[in-house]
Trainee: 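Quick one: the structure is below, and I'll ask about it shortly.
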Amino acid sequence: MQRHFHCADDASYVLFDLPGQVEIFTLHDSLRHIVDTITKKWDYRLAAVHLVDAHLCTDPAKYISALLLSLSTMLHLELPHVNLLSKIDLIEQYGKLHFNLDYYTEVQDLSYLVQAMGDDAFSKRYRKLSQGLCEVVEDYGLLNFTPLAIEDKESVQHVLSLIDKANGHVFAGLASGQNPYPAEFVYGAGLTAADTGDIVSKFEEKYVVKSVQERTPTA
């Protein structure tokens, strides 16, 4: 692996496509040791890109599970992290969203999510546990998601820009004067929360049926 790293030029990306065994990147130390070797001994910059199927947002319980998995991965790997809601164009093929798309990308006010779990026996039994897990996610305040539709070039470019900032690639050319990015992007003004908000609004208009509930507190 080290030989392949050293053969790559400065314009190359080295991708590690991990299988869907969550234990590898949430619990087991093997991947953590590999990451530490690459970043600390070989002095390469890494960023973790975590893809969550967007259709999980249609089920509050599954979305909460996805939040916990994403947070656990961030804490375990301790890398710059980009969380994505992938297959956003298929988001409502498995059900309707309870709230607007930005609610699921911003990961705030999760108490409304618990209320949306319904009144079936399972939801009632574990509602207090679900509330506690949501509070843990909110207390850390680390999570947000960026939507991705792989067929949409603007979406892919936006995600690539986020990754380039996360792993420090946009700063690498400063010393040599060969940075491909404009100065306003490098120093933070070129990629803002508004840009992600524009992407979210675009996808909501294109892929989400306007039948979501308003977020209003229950008595």
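Throughout, residue positions are numbered sequentially from 1 according to the sequence presented. This is a predicted model, so every value here is computed, not measured.
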Trainee: To the nearest 0.5 angstrom, please state how far the CD atom of Glu23 sits from the NE2 atom of His28.
Mentor: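 One finds 9.5 Å between CD of Glu23 and NE2 of His28.
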Trainee: Taking NZ, NE, NH1 and NH2 as the nitrogens, is one of them in Arg125 or Asp120 under 4.0 Å from a carboxylate oxygen of the other?
Mentor: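 Result for this pair is no, no salt bridge flagged.
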Trainee: Would you find a donor on one side and an acceptor on the other, under 3.5 Å apart, between the side chain of Ser130 and the backbone of Tyr126?
Mentor: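 Yes, because the side chain of Ser130 sits within donor-acceptor range (under 3.5 Å) of the backbone of Tyr126.
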Trainee: Shortest non-hydrogen contact from Arg32 to His76?
Mentor: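 Reported closest heavy-atom pair: NH1-O, 2.7 Å.
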Trainee: Are the side chains of Glu204 and Asn100 in touch, meaning some heavy atoms are under 4.5 Å apart?
Mentor: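 Touching, per the 4.5 Å side-chain cut-off.
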Trainee: Find the distance between OH (Tyr63) and CZ (Phe145) and round it off to the nearest 0.5 Å.
Mentor: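 It comes to 5.5 Å.
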Trainee: So, for Ala54 and Lys87, which heavy atoms are closest and what is the spacing to 0.1 Å?
Mentor: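 Closest pair (atom of Ala54, atom of Lys87, distance): CB-O, 4.0 Å.
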Trainee: Just by modelled atom types, is the Met117 backbone N or O under 3.5 Å from a matching donor or acceptor in the Ser123 side chain?
Mentor: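 Checked: pair present.
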Trainee: Could you state the interatomic distance from NZ (Lys96) to CD1 (Ile91), rounded to the nearest 0.5 Å?
Mentor: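 The distance works out to 11.0 Å.
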Trainee: At their closest point, which heavy atom of Ile64 faces which heavy atom of Leu113, and how far apart are they?
Mentor: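 Scanning both residues, the minimum pair turns out to be CG1-CD2, 3.5 Å.
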Trainee: Hey, does the side chain of Glu92 reach the backbone of Val208 with a donor-acceptor pair shorter than 3.5 angstrom?
Mentor: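 Pair absent, no side-chain N/O of Glu92 close to backbone of Val208.
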Trainee: As a quick check of understanding, evaluate side-chain contact (heavy atoms from CB on, under 4.5 Å) for Ile88 and Leu148, giving each step before the final call.
Mentor: CA-CA 6 Å; Ile88 199 71; Leu148 171 65; 6.0 Å; no
Trainee: Would you check if the side chain of Glu138 reaches a backbone N or O of Asp109 as a donor-acceptor pair within less than 3.5 Å?
Mentor: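 Flag set: sc Glu138 to bb Asp109 pair under 3.5 Å.
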Trainee: Hydrophobic clustering (ILVMFWY, side-chain heavy atoms < 4.5 Å, transitive) - are Leu27 and Leu18 grouped together?
Mentor: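 Looking at the clustering, Leu27 is in a separate group from Leu18.
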Trainee: Please answer: with hydrophobic residues joined when any side-chain heavy atoms are less than 4.5 Å apart, are Leu77 and Trp42 in the same cluster?
Mentor: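 Per the 4.5 Å side-chain linkage, Leu77 and Trp42 are co-clustered.
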Trainee: Do Tyr104 and Tyr94 share a hydrophobic cluster, counting only Ile, Leu, Val, Met, Phe, Trp and Tyr and linking them when any side-chain heavy atoms are less than 4.5 Å apart?
Mentor: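 No: no chain of side-chain contacts under 4.5 Å links Tyr104 to Tyr94.
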Trainee: Measure across Asn83 and His81 and return the closest heavy-atom pair with its distance rounded to 0.1 Å.
Mentor: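 Reported closest heavy-atom pair: OD1-CD2, 3.2 Å.
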Trainee: What is the distance from atom CG of Leu69 to atom OG of Ser65, rounded to the nearest 0.5 Å?
Mentor: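 These two atoms lie 8.5 Å from each other.
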Trainee: Please give me the minimum heavy-atom distance between Ala149 and Asp89, naming the atom from each residue.
Mentor: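 Taking every non-hydrogen atom into account, CB-OD1, 4.3 Å.
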Trainee: Given Ser70 and His50, is the side-chain hydrogen bond (donor to acceptor under 3.5 Å, both in side chains) satisfied, shown in steps?
Mentor: CA-CA 7 Å; Ser70 300; His50 189 218; 3.1 Å; yes
Trainee: Using side-chain contact (heavy atoms from CB on, under 4.5 Å), reason through Ile38 and Phe16 one step at a time and then give a plain yes or no.
Mentor: CA-CA 12 Å; Ile38 295 173; Phe16 295 87; 3.7 Å; yes
Trainee: Would you say Tyr140 ends up clustered with Val114 if hydrophobic residues are merged whenever their side chains have heavy atoms under 4.5 Å apart, either directly or through other cluster members?
Mentor: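 They do share one cluster, since a chain of ILVMFWY contacts under 4.5 Å joins Val114 to Tyr140.
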Trainee: For Pro80 and Ala166, which heavy atoms make the closest approach, and how far apart are they?
Mentor: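 Nearest heavy atoms, Pro80 then Ala166: CB-O, 3.2 Å.
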Trainee: Hey, does Tyr207 have a side-chain heavy atom less than 4.5 Å from the side chain of Pro147?
Mentor: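 Heavy-atom side-chain distance check fails, nothing below 4.5 Å.
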Trainee: Thr58 side chain to His55 main-chain N or O, any donor-acceptor pair under 3.5 Å?
Mentor: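 Looks like yes, one N/O pair under 3.5 Å.
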Trainee: Supply the atom-to-atom distance Cys57 SG to Leu67 CG, rounded to the nearest 0.5 angstrom.
Mentor: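 Cys57 SG to Leu67 CG: 8.5 Å, rounded to 0.5 Å.
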Trainee: Does one side chain, of Asp102 or Thr105, offer a donor that lies under 3.5 Å from an acceptor on the other?
Mentor: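 Side chains of Asp102 and Thr105: no pair found under 3.5 Å.
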Trainee: Are Val159 and Leu90 joined in one hydrophobic group, where the rule is that I, L, V, M, F, W and Y side chains link up if heavy atoms are under 4.5 Å apart?
Mentor: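 In one cluster: no.
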Trainee: Between Lys202 and Asp152, does at least one N-O distance fall below 4.0 Å, as a salt bridge requires?
Mentor: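 Between Asp152 and Lys202 there is a salt bridge, with a charged N closer than 4.0 Å to a carboxylate O.
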